[in-house]
Structure formats: structure tokens, C-alpha cells
> 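Here's a structure for you.
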Amino acid sequence: MSLTRSRVTVVPTGAALGADIEGFDPADFADEEFTTVRGALLDHLVIRIRGTDIDDVAFERFGARFGTLKPSPDFTRSRPVYLRDAPAVTIISNVTEDGKPIGEHGDGELNWHTDLAFTDEPSALTMLLAREVPPTGGNTSFANMYAAVDALRPETREILTHPGGRKAGLTCKHQASHNAQGGARPGYRDIDTDDVREMPGPIHPLLRTHPETGRKALFLGRRFGGYIPGLRLERSEALLDELWSVAALPENCWTQEWRVGDLIIWDNRCTMHRRDAFTGLGRRRMHRLTTLGERPI
Ligand code: OGA
Ligand code: MN
């Protein structure tokens with residue numbers, strides 16, 4: 001425990017979201033320093049701590065301060081890998097050993113999404129600690145979903161909030177059976193429909209209220225497989241396309257260019273993220289933690 005006065009500084013990126021936390025050691029910090037970090041995450045939606053030098057045990061201990069750690073369910077992952085010393089840490093990587101991937105997601109593009117939106121309790125926070133990064137490529141972008149609400153046409157915001165004058169807002173079904181590449185997930189192999197109205201998945205509000213800030217955020221999950229229950233298919237597709245057209249305007253985004261030792265924490269309850277492909281550009285290995293979230297309301 002540090003005995004000196006806190007030197008933690010929050011330096012906003014200047015974009016619509018994101019801030020650097022400076023003068024903070026995630027392996028050794030005082031409670032009031034952690035309070036500053038937690039507050040910065042709520043204010044800036046994504047925070048970055050550069051130049052960390054912590055092992056996986058310290059990473060897991062730090063992550064657990066933010067909530068209950070919960071890795072993604074095995075059925076959502078191509079090859080579940082767990083670290084012996086830090087069992088909540090999983091790996092995002094393109095590296096293979098003995099012909100087998102050591103982690104998830106390879107080297108391709110990941111389209112805009114929020115983590116585990118297709119489950120009943122989507123992840124609250126996700127943390128990535130960069131262990132290896134290619135010289136270029138594999139950048140990760142974030143979009144501010146509070147700002148997305150403001151970017152909607154007022155009529156559209158009204159339709160989401162009080163469809164046809166009703167009190168309950170519109171929802172979206174986030175299909176669970178297929179991954180973003182369209183492949184059936186384990187446990188769902190017998191489902192062979194490509195009609196989004198038929199696909200199984202949880203239904204969540206399109207405008208969700210952040211449980212800590214009380215602010216409204218647009219909650220889309222991902223474009224693939226989305227359906228707005230109660231609407232004709234064509235109407236659902238058109239409304240989703242309209243929402244997606246303003247969900248990640250460049251002025252509401254910020255892009256992280258990774259360096260080894262960067263630790264990024266984002267709040268899935270008010271952001272989306274995507275990743276550039278980095279095929280042929282080198283090894284990339286991220287150690288990852290997620291915290292359990294609540295059912296969106
Ligand atoms: C994730 C994710 C992006 C990246 O871990 O949920 O989307 O940059 N990762 O690897
Ligand atoms: Mn993700």
C-alpha cells in the first residue's frame with residue numbers, strides 16, 4: 001500500500017470517449033486511487049493504463065476489484081484456454097502452438113459489438129492487457145453509446161421510447177445460436193434457419209439505462225441476427241439499419257493503437273468496440289478479463 005499522497009491523474013483523450021490513467025500502479029495502489037480510476041471509467045467509458053508491468057495473478061487481483069470476474073461461457077469460444085495461476089484470465093490471440101490456436105479470434109476483423117450481448121447477462125466490463133502486439137494493425141476502436149442516443153433523429157428516439165404511444169420501449173432480440181461469421185455455436189448445431197425471427201436469443205431493451213450513471217445508452221449488440229420483436233421483418237431491418245447508421249459516427253469514436261503493457265478497460269453498458277484485421281502483420285496476444293453484468297433494463 002502506497003503511503004505517499006495519490007499522484008493519479010486522469011488525462012482524457014480529447015475524443016468522445018477514453019482517458020489515460022497516469023501515475024497509477026495496478027499491482028500496488030491505495031483505495032482512494034482506485035476510487036479515482038473507477039470514477040474515470042464511469043466518466044470516460046474506456047480507460048487506458050500504459051506501461052504496466054504486472055503478472056497475470058496481479059492482473060486478476062486488480063480486475064476483481066471492479067466486480068465478479070466471469071469468463072465468457074465455453075460454448076462461445078473456439079478453444080477455451082485458461083491460465084493455471086489466474087483462472088479468470090482468457091487469451092485473445094492469433095498465435096498458434098503445435099498447430100493449435102492459443103486463444104480466441106485469430107487475426108481477422110471483428111465488427112462492432114458489445115461483449116456477450118447475446119446472453120441474458122452481458123458482460124459489464126472487459127479488460128485487455130497487451131502482452132504481444134504487431135508493429136502495426138490490430139487497432140481497437142470504441143464508440144460512445146450515450147452519444148449515439150443524441151445522434152438519433154428525435155422521431156426515432158421517440159419510437160424507441162414509446163412505440164405507437166405505448167409505455168414500454170422497443171427491444172431487440174440478440175440471436176445466440178450463431179457467431180458473427182454465421183457459424184452455428186456448439187449446442188445450437190441443429191438450428192438451420194437463417195430467419196432472424198426464428199433464431200433463439202435473449203431480448204433486451206434498445207435503450208438501456210446504465211445501472212451506475214443512470215444515463216440512457218443505445219444497446220445494439222451486433223448487427224448480424226438482430227430482430228425487433230413485434231415489427232414486420234422489413235420494418236425491423238429498416239429501423240436497425242437506421243440505428244446502426246448513427247451508432248458509431250467517427251466523431252463519437254476513439255481508436256486505440258496498442259503497445260505492449262497497455263491495459264484497457266471498457267464499459268460494455270455504454271460502448272461498442274471493433275478491431276481491425278492484422279493478417280500477416282505479426283503476433284498479437286491479449287490477456288482478458290470480464291466482469292459479470294446484470295440483465296439490461
Ligand atoms: C474482445 C474483443 C478486441 C481486440 O476481447 O471482446 O473484442 O482488439 N477484442 O482484440
Ligand atoms: Mn469484444
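This one's a predicted model, so the numbers in the text were calculated from it and none came from an experiment. Numbers here simply count residues along the sequence, with the first being 1. Numbering of ligands and ligand atoms starts at 1, following listing order.
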> Just heavy atoms, cut-off under 4.0 Å: does M286 contact ligand 1 by side chain, backbone, both, or neither?
neither
> Answer side chain, backbone, both or neither: which part of H105 comes under 4.0 Å from ligand 1, heavy atoms only.
neither
> For residues D267 and H210, is any side-chain donor paired with an opposing acceptor at under 3.5 Å?
yes
> I'd like the name of whichever of R285, H113, R274, R288 reaches closest to atom 6 (O) of ligand 1 through any heavy atom.
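Closest candidate by heavy-atom distance is R288.
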> Out of N268, L128, I91, who gets a non-hydrogen atom closest to atom 9 (N) of ligand 1?
L128
> Quick check: H273 with W112 (ring centres under 6.0 Å apart)?
no
> Quick one: do the T126 and D115 side chains pair a donor with an acceptor below 3.5 Å?
yes
> Against I54, only a single residue in I49, D28, L129 fulfils side chain to side chain contact (heavy atoms under 4.5 Å, CB included); can you say which?
L129
> Could you go through the salt bridge (charged side-chain N to carboxylate O under 4.0 Å, His left out) check for R153 and E158 one step at a time?
CA-CA 9 Å; R153 295 188 304 136; E158 180 60 21; over 6 Å; no
> Residue-level breakdown please: for H273 versus ligand 1, do any non-hydrogen atoms fall below 4.0 Å on the side chain, on the backbone, on both, or on neither?
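For H273, the contact with ligand 1 is made by the side chain alone.
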> Touching ligand 1 at all, R284? Heavy atoms, strictly under 4.0 Å?
yes
> Let me confirm one number: the CG-OH distance from N252 to Y146, rounded to the nearest 0.5 Å.
13.5 Å
> Relative to the heavy atoms of I92, which atoms of ligand 1 are at a distance of less than 4.0 Å?
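Atoms satisfying the 4.0 Å criterion: 5 (O), 10 (O).
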> Would you call R50 and E22 a salt bridge, using N to O less than 4.0 angstrom?
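Not counted as a salt bridge, because no side-chain N and carboxylate O are separated by less than 4.0 Å.
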> Could you list the atoms of ligand 1 found under 4.0 angstrom from a heavy atom of D115?
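Once the distances to D115 are compared, the set is 6 (O).
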> Kindly say whether L263 contributes a backbone atom to a donor-acceptor pair with the side chain of T52 at under 3.5 angstrom?
no
> Using a cut-off of 2.8 Å, count how many protein N, O or S atoms are strictly closer to the Mn ion (ligand 2).
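Total protein N/O/S atoms under 2.8 Å from the Mn ion (ligand 2): 3.
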> Is there at least one pair of N or O atoms, one from W258 and one from ligand 1, spaced under 3.5 Å apart?
no
> Could you tell me whether T140 and ligand 1 have an N or O pair separated by under 3.5 Å?
yes
> Taking the side chain as everything from C-beta on, heavy atoms only, tell me whether D20 gets closer than 4.5 Å to I47.
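Heavy-atom side-chain distance check fails, nothing below 4.5 Å.
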> How close does the nearest protein non-hydrogen atom get to atom 3 (C) of ligand 1, and which residue and atom is it?
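Ranking protein heavy atoms by distance from atom 3 (C) of ligand 1, first comes L110 CD1, 3.9 Å.
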> Name every donor-acceptor pair, under 3.5 Å, that has one atom in a side chain of residues 59-67 and the other anywhere in the protein, sequence neighbours excluded.
residue, atom, partner, partner atom, Å
E60, OE2, A88, N, 2.7
R65, NH2, D31, OD1, 3.3

> Considering only NZ, NE, NH1 and NH2 on the basic side and carboxylate oxygens on the acidic side, decide whether E132 and R283 come within less than 4.0 Å.
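Salt bridge present between E132 and R283.
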> Under 4.0 Å between a side-chain nitrogen and a carboxylate oxygen: does that hold for R223 and D241?
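A salt bridge links R223 with D241.
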> Which residue and atom name correspond to the protein heavy atom nearest atom 4 (C) of ligand 1, and how close is it?
R275 CD, 3.4 Å
